[in-house]
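Heads up: the structure comes next, in structure tokens.
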Protein chains: 2
Amino acid sequence: MTVERRSTPLSRSRRPTIKDVAEAAGVSRSTVSRALTGRGYAASDVRERVLRAAAELGYVPDVMARTLKQQVSRSVGILVSDLRNPFYAELAAGASSEARERGYTMVLFDTSLSAQAESEAAEALVALRVAGVIVTPNSSAVSTYLSSHGIPVVEVDRQFAAGSTDGVVVGNRVGARTATAHLVGLGHRRIALFIDETDWTTGYERYQGYLEALSAGDIKVDPELVVSSGWDVADSRRRALDMLRGPDRPTAVFAANNVLAEGVWRAIGELGLSVPGDISLVAFDDSPWMSMVSPTVSAVSQDTFNLGATSVRRLDERIERPESDSVTTVLNVRLVQRESTAPPPAL
Amino acid sequence: MTVERRSTPLSRSRRPTIKDVAEAAGVSRSTVSRALTGRGYAASDVRERVLRAAAELGYVPDVMARTLKQQVSRSVGILVSDLRNPFYAELAAGASSEARERGYTMVLFDTSLSAQAESEAAEALVALRVAGVIVTPNSSAVSTYLSSHGIPVVEVDRQFAAGSTDGVVVGNRVGARTATAHLVGLGHRRIALFIDETDWTTGYERYQGYLEALSAGDIKVDPELVVSSGWDVADSRRRALDMLRGPDRPTAVFAANNVLAEGVWRAIGELGLSVPGDISLVAFDDSPWMSMVSPTVSAVSQDTFNLGATSVRRLDERIERPESDSVTTVLNVRLVQRESTAPPPAL
DNA sequence: GATCCGTGTGGGAACGATGTCACAGCGGTG
DNA sequence: CACCGCTGTGACATCGTTCCCACACGGATC
């Protein structure tokens, strides 16, 4: 299981500091600082001498010391709920890409849906003196705490502190309404909703969109068909098995995120139901597997990568102009129609 | 697209420092430091007074200043190739979990397979004075550079600097051999290999495993059947379409990672081939979709989360004992047999 | 009563970088 | 020649924390 190899001692005595560069170039520390940062005077021959000395020594300025002196850092924090969920992974990827472009380093925390992990992470970010934080929040606690320490926050995907902090979200209500209306338009009247929660903005809005579409189709809401499922695939699968085994099962399901959709999909497969013959399925949040299975699954697609990138852009603007009015950016979504929806089976 | 909301000024004058706490508690800075860190003497009543003052002020120690003074940080860096790939996302999730447990914060870079991004990230990590770095390397450059700056490195998933740095990998050769042997055992003789590269340890080992299994089955290697595909799904799909459209197509495909498997799967679907009737498929690296599609896809499963967690553990040990011999840890893999493999079609 | 120990506290020097300030040349101008 | 502005440089304080050192106190030992 474990293979021994030879070791390297690599006992580098000490990392070179600005003082070492100064001595090597025969100038003072101040001059080195000016030559390297480009702020202030430095004769061109001196500058060159300094640059050469720095390169030879492999000098890399100490961010800790610089930040301590300047009292501003070029790091941002990002708190996501669950990196194993492709949604958050792609969000983080988008944030990372934009952060790199803007010269920020990114400190990442996977809070694993634990409130304790979340507040520990928040405190660590304060300690790190980050310039700002992106968060997919589980409560308003993090935003409030960070704001009280003067750290700009952008809430992404869902919002708890709308009004006092910036937010970047998608058109949840419109997306959910469109998806549900699509099912209504096909003739479905018993449309189940699988949703994780309805208290946060995301779940609430998607729930509202669902209700609006039903109401527009003159369909009375059946509370039995609204399933407030848990967080993971297993839970969602179990709930779906229960519901779909019943005698008067729905003719269509709208799953409010990719995890719930996966649970429902697995349950449908286990029960041997045919899609869309027996049951139609639409998901919120397109995932790669939805275009790989057969039949392919219709979904409300959100540009998750862009969601992450946009939130970093927003954060950067906020850092530049701390006093400006807070803004909530809403990214549009679109329904990708695939093969999983059809009119309900004839009675 | 953008909604204006009211703003909050939140003009906090200044972050409280240890000096503020000291004044509030009526003691010296030294005493506050001792009381809060627990290093050195502090009378219990004084300690309590200090803790209360710190809590009241919302004091959070400045990691920058602490690190500058102590010359060791509690941050580790992680460099991954592509966060959008579930493999790297899960790897990062495992690393994050273990890092949190051990009291490290994690600075993440998505290098997007760009050599330039990779070296920029490496320099940023040196500047940040991280305690160590986890990397899924693309060359030996990063490991060499970081090591030359005295920063411990753990190479994960693949290894370029075996012998001089620690590594955590999976049993690539055994896994590939097992998967291929499974196909051979079913009677296949024309078995294609889709692989991204064969120069790095990962690709090389998987290729060797494939060759070994063929050789054990007395099958001559047909170079036409070994496809060195690119990085993304689109490329792999194109190459698969080319190969599977041909007259003497293989009866089985071994795809050496999840991305390539996705491309092959999509191509098979587009060509209307039946799995495993016309063609069998095995993948290296199990992905969620492989158990959701129909038929489900057999795969060599690696515990990717654990791969990330293990690499952080290894890094922590290395940080604790910098001079010990370097170690390569090999995690075992297992073949998950599903529905995508069967004997070849009769002639 | 001098010395020593253990406990507890404060002063002050670092850590590495930045940036203000003073000042030294130098050529030009009144 | 005194003064000015400009270019270029170095000394030094500073950021917030830690930690070494000095020292003070009370009680025990010689």
Side-chain angles (χ1 to χ4, degrees), chain A residues 12-51 53-54 57-75 124 126-131 149-150, chain B residues 13-51 53-54 57-75 123-124 126-131 149-150:
Chain A
R12 290 188 59 84
S13 50
R14 202 173 47 84
R15 256 189 271 264
T17 73
I18 201 170
K19 200 176 155 198
D20 301 319
V21 178
E23 279 166 13
V27 293
S28 73
R29 299 189 320 263
S30 316
T31 304
V32 174
S33 174
R34 280 192 301 265
L36 292 180
T37 61
R39 281 187 282 270
Y41 296 117
S44 63
D45 60 322
V46 173
R47 161 168 295 130
E48 208 156 306
R49 199 145 36 92
V50 169
L51 288 175
L57 291 171
Y59 169 73
V60 179
D62 187 323
V63 168
M64 300 292 166
R66 171 177 292 171
T67 303
L68 179 61
K69 172 63 181 160
Q70 301 193 141
Q71 297 290 79
V72 290
S73 89
R74 287 299 279 180
S75 309
V126 172
L128 285 170
R129 303 295 189 253
V130 293
H149 278 269
Chain B
S13 47
R14 198 173 49 81
R15 257 188 270 263
T17 75
I18 202 171
K19 201 176 154 198
D20 300 319
V21 178
E23 280 166 13
V27 294
S28 73
R29 298 188 325 266
S30 316
T31 303
V32 173
S33 176
R34 280 192 301 265
L36 293 180
T37 61
R39 281 188 283 271
Y41 296 115
S44 63
D45 60 322
V46 172
R47 163 169 292 130
E48 207 155 308
R49 200 144 38 94
V50 169
L51 288 176
L57 292 172
Y59 168 72
V60 178
D62 187 323
V63 168
M64 302 290 167
R66 170 177 295 171
T67 303
L68 178 60
K69 172 64 185 162
Q70 302 194 139
Q71 295 292 78
V72 289
S73 88
R74 287 300 280 180
S75 308
E123 182 157 340
V126 172
L128 284 170
R129 302 295 190 252
V130 292
H149 278 269

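Note on naming: letters A, B, ... go to the chains in the order of the sequence lines (proteins, then strands), and numbering restarts at 1 for each one. Small disclaimer: the values here were computed from a predicted structure and weren't measured.
Of the possible polar contacts, one joining the B/R49 side chain to the B/A25 backbone as a donor-acceptor pair under 3.5 Å is found. Put simply, the side chain of A/R34 gets close to the backbone of A/Y41: a donor and an acceptor are under 3.5 Å apart.
Here A/Q71 reaches the OP1 or OP2 of D/dG16: one of its side-chain N or O atoms lies under 4.0 Å away. For A/T31, no side-chain nitrogen or oxygen approaches OP1 or OP2 of D/dT9 to under 4.0 Å. Note on B/Q70: a side-chain N or O is less than 4.0 Å away from OP1 or OP2 of D/dC19.
Side-chain contact between A/T67 and A/V72 is absent, with no heavy atoms from C-beta onward closer than 4.5 Å.
As judged by a 4.0 angstrom heavy-atom cut-off over every strand, A/T67 is placed among residues making no nucleic acid contact. Counting non-hydrogen atoms under 4.0 angstrom, A/R29 reaches a base of the nucleic acid. Backbone-only engagement by B/R39 is indicated by non-hydrogen atom pairs under 4.0 Å involving sugar-phosphate atoms exclusively. Here A/S30 lies in heavy-atom contact (under 4.0 Å) with a base.
The nearest heavy atom of DNA chain C to B/L68 and to B/R49 marks one nucleotide each, and the one closer to the 5' end goes with B/R49. The residue among B/A42 and B/K69 whose nearest nucleotide of DNA chain C is located toward the 5' end is B/A42. Nucleotides of DNA chain D nearest to A/V46 and B/M64 differ in position, and the one nearer the 5' end is that of A/V46.
Put simply, the side chain of B/R34 and the base of C/dG10 share a donor and an acceptor less than 3.5 Å apart.
Rounding to whole angstrom units, OH of residue A/Y41 and P of C/dA24 are separated by 18 Å.
Residue B/Q70 qualifies as enclosed at atom CD: its count of foreign heavy atoms under 6.0 Å is above 12.
The side chain of A/A43 approaches D/dG8 more closely than any other nucleotide in the set D/dG8, D/dT18, C/dA17.
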